[in-house]
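Notes to accompany the following structure.
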Amino acid sequence: MSLHADLLRRLQSVAAVQLVARLKDTRLNCPRTSELHVFIPDIHLITAARHAEGGYRYGTNYPELLEAVVRSLAAFKRDAAPADEVVVYQIGDLFDLWRQVDGLDPEANAASAIQNDHASLLSALRDPELNTQFLLGNHDYDLYRFPNFDAWQ
């Protein structure tokens with residue numbers, strides 16, 4: 001079996017997953033077949049209070065399921081090691097500071113509030129064994145300014 005097929009089976013044990021996209025492109029500089037790169041796209045976390053107060057119709061989809069998927073990825077990575085390498089990326093807009101507050105929040109209170117509201121999911125994403133690589137997106141770009149998030153520079 002391949003890492004891709006193993007990942008699909010692992011995710012199917014958590015959710016009704018039909019397909020996991022697969023891309024092989026030499027320009028990505030991931031030439032080894034024993035290497036799998038998993039990308040988690042925009043999550044756009046805001047607090048539940050802000051979601052209700054702002055009257056937002058949409059928000060983060062199924063955060064409990066997302067946490068289960070992330071924890072499953074950590075187990076998948078542990079099971080794959082040391083023969084294979086699994087690298088997980090969260091590719092921007094983990095937090096949605098634009099919807100949480102208007103303008104720059106110099107004290108990072110908005111980011112801390114979001115973090116507190118989604119502590120379990122963020123703990124799963126920050127699991128040292130998973131070693132998620134975070135990329136800042138336009139909705140959470142200012143996080144690098146704050147001590148709790150300066151590792152994301």
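Note that the structure is predicted; figures quoted are calculated from it, not measured. Keep in mind that the numbers below use all heavy atoms, side chains included, and drop hydrogens, waters and symmetry copies.
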Notebook entry, point to check: Any chance CG of D102 has more than 12 other-residue heavy atoms, nucleotides or ligands included, within less than 6.0 Å?
Noted result: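 Atom CG in D102 is not packed in, count stays at 12 or less.
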Can you measure from [atom1] ([X]) to [atom2] ([Y]) and round to the nearest 0.5 angstrom?
{"X": "S123", "Y": "H118", "atom1": "OG", "atom2": "NE2", "answer": "14.0 Å"}
{"X": "I114", "Y": "L121", "atom1": "CD1", "atom2": "CG", "answer": "12.0 Å"}
{"X": "L7", "Y": "L36", "atom1": "CG", "atom2": "CG", "answer": "5.5 Å"}

Verify the cluster assignment for [X] and [Y]: are they in a single hydrophobic cluster under the rule of side-chain heavy atoms below 4.5 Å apart?
{"X": "L125", "Y": "V69", "answer": "yes"}
{"X": "L143", "Y": "I40", "answer": "yes"}
{"X": "L73", "Y": "L3", "answer": "yes"}
{"X": "I91", "Y": "L122", "answer": "no"}

*Could you go step by step and tell me if L45 and L94 meet the side-chain contact (heavy atoms from CB on, under 4.5 Å) rule?*
CA-CA 6 Å; L45 295 175; L94 174 61; 4.1 Å; yes
Only counting residues at least two apart or in another chain, list the ones meeting salt bridge (Lys or Arg N to Asp or Glu O under 4.0 Å) with [X].
{"X": "D142", "result": "R145"}
{"X": "D79", "result": "R10"}
{"X": "R22", "result": "none"}

For this session: Starting from the C-alpha separation in whole Å, work towards a yes-or-no answer on side-chain contact (heavy atoms from CB on, under 4.5 Å) for F134 and V88.
Result: CA-CA 9 Å; F134 292 94; V88 177; over 6 Å; no
Can you list everything that forms a side chain to side chain contact (heavy atoms under 4.5 Å, CB included) with [X]? Sequence neighbours excluded, please.
{"X": "S120", "result": "E67, R71"}
{"X": "Q18", "result": "none"}
{"X": "A15", "result": "V17, L65"}
{"X": "A49", "result": "T47"}

Strictly distance-based, threshold 3.5 Å: is any side-chain N or O of [X] a donor or acceptor partner for the main-chain N or O of [Y]?
{"X": "D140", "Y": "G137", "value": "yes"}
{"X": "T60", "Y": "P63", "value": "no"}
{"X": "D42", "Y": "D93", "value": "no"}

Original post:
Which residue pairs pass the ring pair (Phe, Tyr, Trp, His ring centres under 6.0 Å) test with at least one member in residues 44-81, sequence neighbours excluded?
Top reply: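 Qualifying pairs, neighbours excluded: H44-H139.
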* Asked: Excluding sequence neighbours, so at least two apart, what forms ring-ring contact (aromatic ring centres under 6.0 Å, His included) with H37?
  ->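 So H37 forms a ring-ring contact (aromatic ring centres under 6.0 Å, His included) with Y89.
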**Q.** side-chain contact (heavy atoms from CB on, under 4.5 Å) between Q133 and V87, worked out
**A.** CA-CA 8 Å; Q133 304 300 300; V87 184; 4.2 Å; yes
Please identify each residue that fulfils side chain to side chain donor-acceptor pair (under 3.5 Å) with Q12, with sequence neighbours left out.
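Testing Q12 for side chain to side chain donor-acceptor pair (under 3.5 Å), a comparison that skips the adjacent residues, returns none.
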Next item on the list: Not counting sequence neighbours, which residues clear side chain to side chain donor-acceptor pair (under 3.5 Å) with Q90? List them please.
Entry: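 With sequence neighbours excluded, Q90 shows a side chain to side chain donor-acceptor pair (under 3.5 Å) to no residue whatsoever.
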Is a salt bridge present between K77 and E129, judged by a nitrogen-to-oxygen distance below 4.0 Å?
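The answer is no: the pair does not qualify as a salt bridge.
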Review point. If you look at every heavy atom in A48 and D117, which pair is closest and at what distance?
Key: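 Closest pair (atom of A48, atom of D117, distance): N-OD2, 2.6 Å.
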Among residues two or more places apart or on two chains, list those pairs meeting salt bridge (charged side-chain N to carboxylate O under 4.0 Å, His left out) that have a residue in residues 53-64.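 Qualifying pairs, neighbours excluded: R50-E53.
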- Task: Give the C-alpha distance, both sets of side-chain angles, the deciding distance and a yes or no for side-chain contact (heavy atoms from CB on, under 4.5 Å) between L11 and V20.
- Result: CA-CA 9 Å; L11 294 177; V20 174; 3.8 Å; yes
